[in-house]
Amino acid sequence: MLRNARFEHDSNPFAYFVSILRHLEGTPLHEAFGVLGPALEKLATSNCSWPDRLHDLGLCWILLSRTLLSLYVPNLSLDPVTVQGCKSTYQKTQEVWINSQIHLHSSLENMRTGNHTNVFTRLLQDRLLGLENEPGSKALPRKPSGESDTASLQSFWKETRTFLGDIVSPERMEKFLVSSELSGAELVSQEKLFQDSASNFLQRMSSAYAPLSDLLPAIELSLMQLRFGLRAVQHAL
């Protein structure tokens, strides 16, 4: 849909993004970016002075962070049986694909040299063996480590949702933005509290859930948008 769409790409980048969102109307992605759309439209049409514009830019960064987190962080608890089912489905799909590649390279090698194995088939066989020995690849009752992995994953997302709900909830952000109309030491203190909380949370998650480190960069990126937006709002005053 986007490939064939023509966007209003002029010197105003915010108008360009607004036009992209308009082409996404009626899709789940458009609904997810719903809170960001009005803020972008304001930037696209506003001719306010720099401090006010910096404030609006900071608000857009905050809303972008909220949008990314809502898209990435699951809002439901994970079912261990479903997790194991996904692992099994993925493993079976990979096994079928690897076996098809082994058959292909074996046939080609047989046509060329009369042999049935070569460096490619051996590498694929090793990969197939490694796939069969991966944690959680067998049935759930026979793999206690699979249950432990699932419990760790559940704990990771639960702690993430708790942090987002307590520290960077939409209600708390709204309170900060409303109070930002008044400058002073309290505003600086609130902004520093948000910054320190986000930094401490990322450090804790990185050390406590090292095996799940691949899940953290997207959360870290989202919180970076939030931290940048908060600092921009604070400096606009």
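This one's a predicted model, so the numbers in the text were calculated from it and none came from an experiment.
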field: Spacing of OG belonging to Ser213 relative to CD belonging to Glu220, to within rounding of 0.5 Å
entry: 11.0 Å
- prompt: Are Tyr16 and Leu57 grouped together when hydrophobic residues (ILVMFWY) are joined by side-chain heavy atoms under 4.5 angstrom apart?
  reply: yes
- prompt: What is the distance from atom CG of Leu153 to atom NZ of Lys158, rounded to the nearest 0.5 Å?
  reply: 13.5 Å
- prompt: Measuring from Leu108:CG to His105:NE2, what's the distance to the nearest 0.5 Å?
  reply: 7.0 Å
Check: Ser222 main-chain N/O paired with Ser65 side-chain donor or acceptor under 3.5 Å: yes
- request: Please confirm whether the backbone N or O of His116 pairs with a side-chain atom of Ser106, one donor and one acceptor, at under 3.5 Å?
  value: yes
- request: Please answer: with hydrophobic residues joined when any side-chain heavy atoms are less than 4.5 Å apart, are Leu221 and Leu216 in the same cluster?
  value: no
- prompt: Under a 4.5 Å side-chain heavy-atom rule over Ile, Leu, Val, Met, Phe, Trp and Tyr, are Met224 and Ile219 clustered together?
  reply: no
- request: With rounding to the nearest 0.5 Å, note down the distance linking CG in Leu69 to CZ in Arg161.
  value: 13.0 Å
- request: Please report the C-alpha distance between Val73 and Leu164 in whole Å, then the side-chain angles of each, then the deciding distance to 0.1 Å, and finally whether the side-chain contact (heavy atoms from CB on, under 4.5 Å) criterion is met.
  value: CA-CA 10 Å; Val73 178; Leu164 297 179; 3.9 Å; yes
- prompt: Which heavy atom in Ile102 sits nearest to a heavy atom in Thr121, and how many Å separate them?
  reply: O-CG2, 4.0 Å
task: Measure the spacing between SG of Cys60 and NE2 of His55 and express it to the nearest 0.5 Å.
output: 11.0 Å
message: Rounded to the nearest 0.5 Å, what separates atom CZ in Arg127 from atom CH2 in Trp97?
response: 9.5 Å
message: Can you list, by chain and residue number, the hydrophobic cluster partners of Val119 when the side-chain cut-off is 4.5 Å?
response: Phe120, Leu123
- request: Spell out, yes or no, whether Trp61 and Leu71 are grouped together once hydrophobic residues are joined by side-chain heavy atoms under 4.5 Å, including indirect joins.
  value: yes
query: For Asp196, what residues pass the salt bridge (Lys or Arg N to Asp or Glu O under 4.0 Å) criterion, not counting sequence neighbours?
result: Lys192
message: Checking ring pair (Phe, Tyr, Trp, His ring centres under 6.0 Å) between Phe163 and each of Phe201, Trp157, Phe194, Phe156, which is the one that passes?
response: Phe201
- prompt: Short question: side chain of Gln225, backbone of Ile62 - any donor-acceptor pair under 3.5 Å?
  reply: no
field: ILVMFWY network linking Leu104 to Val96, side-chain heavy atoms under 4.5 angstrom
entry: no
Contacts table for residues 204-212: side-chain donor-acceptor under 3.5 angstrom, sequence neighbours left out:
unit_1 : atom_1 : unit_2 : atom_2 : d
Arg204 : NE     : Glu159 : OE2    : 2.3
Arg204 : NH2    : Glu159 : OE1    : 3.1
Arg204 : NH2    : Glu159 : OE2    : 3.1
Ser207 : OG     : Gln203 : O      : 3.2
Ser207 : OG     : Arg204 : O      : 3.0
Tyr209 : OH     : Ser155 : OG     : 2.7
Tyr209 : OH     : Glu159 : OE1    : 2.9

query: Do Asn118 and Glu109 have a side chain donor and acceptor closer than 3.5 Å?
result: yes
Polar side-chain atom of Ser199 near backbone of Gln195 as donor-acceptor pair, under 3.5 Å: no
task: Give me the one residue out of Gln234, Arg231, His235 that meets side chain to side chain donor-acceptor pair (under 3.5 Å) with Glu191.
output: Arg231
message: Could you report the tightest heavy-atom contact between Pro217 and Asp214, atom names first, then the distance?
response: CD-O, 3.5 Å
message: Apply side-chain contact (heavy atoms from CB on, under 4.5 Å) to residues Leu59 and Leu63 and explain how you reach the verdict.
response: CA-CA 6 Å; Leu59 176 60; Leu63 293 176; 4.1 Å; yes
